[in-house]
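Here is the structure we will look at.
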Number of protein chains: 2
Amino acid sequence: MRWDALEEEPCSMARTIGVIGDRWTLLILRECFLRTRRFEGFQSALGITRHLLAERLKKLVRQGVLRRIPYQEAPKRHEYILTQKGLDLYPIMMAIVHWGDTHMVDTRGRPLLHEHRKCGKNFDPVMVCSECGEPLSAKEVHTHPGPGARSTPAIQAPEKPKARARRSAA
Amino acid sequence: MRWDALEEEPCSMARTIGVIGDRWTLLILRECFLRTRRFEGFQSALGITRHLLAERLKKLVRQGVLRRIPYQEAPKRHEYILTQKGLDLYPIMMAIVHWGDTHMVDTRGRPLLHEHRKCGKNFDPVMVCSECGEPLSAKEVHTHPGPGARSTPAIQAPEKPKARARRSAA
DNA sequence: TCTTTATAGTTCTAAAAACGAACTGTCAAT
DNA sequence: ATTGACAGTTCGTTTTTAGAACTATAAAGA
């Protein structure tokens, strides 16, 4: 499967994975949420090769997740900042962090605490139903096709030749 | 950076990315949540190469996200099912789907709708604060080091020689 | 019985992606 | 005139992934 094909899939998850579904991109986005904005900042925080970093930033800009904004002339320099589309990735980031906090911490406990300014407390992110406000879990959710569904809700294999015609000749 | 190094990072996000942060793994997990359990099921739904599929499944089992359970003897066959650790990935999956629903749909609308059995309505997942129940956004959250923090909360570049000695001598 | 099919992999080669290091270019400061 | 900060680009090597074929076990079919 070519990865740009992902964005054509009739599956919001596949499309999203096509945008942010690789390791460096996710780490770059983590840095964005930690207020990193410049090329050197990303590079030295992550240790990513400059080549890949340039490519990933370009892609995120192309996708509308980051905006490239000049912060000085002569020489032209730009910063990369999250668009609203990028800021909307926050729940994904928090969900990832929270899973790590729950299942991947060592004996010393979680590396980072999150304080909610509104209520002043350290919190965990909880995913709830927009309609009734109850916390969600996989088993309480039933999926069915929406208006954008194609015949197949999932990614389809490339037409599997079906391995027939084994005895047809020879 | 070697990818197994990610799991050593003092960052829950990096550690999680070390487990699920690649495209095929995320797609495999999507299939798991859609009730796929067997090798051939994953392979034909995704079009992933058998080689990679075998490797990814092995890794997810090693990480405790999937359990490999025999469903017949002679020949020995196994199913891959989500552990609790795996089921706990649900908020990540939903957050990814929701972002795609919001930002990546074409004109026809979202491919899949989600119904909350408890309240019977189609819903969107919303991430809220565990303490006050208010929806979260990036700007309302302040992070600070937790007990598992090392000096550096972020991934550190490999020791950058730092190019100092700017005025000290020479 | 001999062949095909279903299932779950493994093995092999070629192609693609990532790594790592060096290089380019602009400007400010020394 | 040289060095350093910054933001990349280029290039040769290594690692990963793709794609196809092959192995193995057992049931079903001709």
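Chain A is the first sequence line, chain B the second, and so forth, proteins listed ahead of strands; every chain is numbered from 1.
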Which residue lies more 5' along DNA chain D, comparing A:R77 with A:H51 via nearest heavy atoms: A:R77
Rounded to the nearest Å, what distance is computed from the CD atom of residue B:E73 to the P atom of nucleotide D:dA24? 20 Å
Spell out yes or no: do the side chain of A:R50 and the base of D:dA7 have one donor N/O and one acceptor N/O closer than 3.5 Å? yes
Options C:dA8, D:dG8, D:dA7, nucleotide nearest the side-chain atoms of A:R38: D:dA7
Take A:T49 and B:H78, find for each the nucleotide of DNA chain C with the closest heavy atom, and name the residue whose nucleotide sits nearer the 5' end. B:H78
Side-chain atoms of A:E40 come closest, of C:dC19, D:dC6, C:dA8, to D:dC6
Please state how far atom CG in A:L53 lies from atom C1' in D:dG8, giving the value in whole angstrom units. 9 Å
Atom CG of A:L57 and atom P of D:dG8 are separated, to the nearest Å, by 7 Å
Whole angstroms only, please: what is the CG-P distance between A:L27 and C:dC19? 11 Å
Remember a base hit wins even if backbone is also touched, and classify B:Y80 as base, sugar-phosphate or nothing at under 4.0 Å, heavy atoms. sugar-phosphate
Salt bridge or not between B:R38 and B:E31? Use side-chain N to carboxylate O under 4.0 Å. no
Side-chain N or O of B:W24 closer than 4.0 Å to phosphate OP1/OP2 of D:dA18: yes
Quick one: is A:R56 getting a side-chain N or O under 4.0 Å of the D:dG8 phosphate, OP1 or OP2? no
Under 4.0 Å, heavy atoms only, any strand: does A:R23 hit a base, just the sugar-phosphate, or nothing? nothing
Under 4.0 angstrom, heavy atoms only, what part of the nucleic acid is B:F42 near: base, sugar-phosphate, or nothing? nothing
Check the distance between D:dC6's C1' and A:R68's CZ and give it to me in whole angstrom. 13 Å
Whole-Å distance, A:Q72 CD to D:dG8 C1', equals 14 Å
Identify the two heavy atoms, one from B:L60 and one from B:V19, that lie closest to each other, and give their separation to 0.1 Å. CD2-O, 4.4 Å
Please tell me which of B:E79 and A:E55 maps to the more 5' nucleotide of DNA chain C, matching each residue to the nucleotide holding its nearest heavy atom. B:E79
For B:E131 and A:C119, work out which heavy atoms get closest and say how close. CB-SG, 4.1 Å
Could you give the CG-to-P distance, from A:L52 to D:dT10, as a whole number of Å? 15 Å
If you compare every side-chain N and O of A:K58 against the phosphate oxygens of D:dA7 (OP1, OP2), does one of them come in below 4.0 Å? no
Taking all heavy atoms of A:W99 and all of A:M104, pick out the closest pair and write down the distance. CZ3-CG, 3.8 Å
Separation of A:Q43 atom CD from C:dG20 atom P, in whole Å? 11 Å
For B:R68 and B:Y80, test the side chains for any donor-to-acceptor distance below 3.5 angstrom and give the result as yes or no. yes
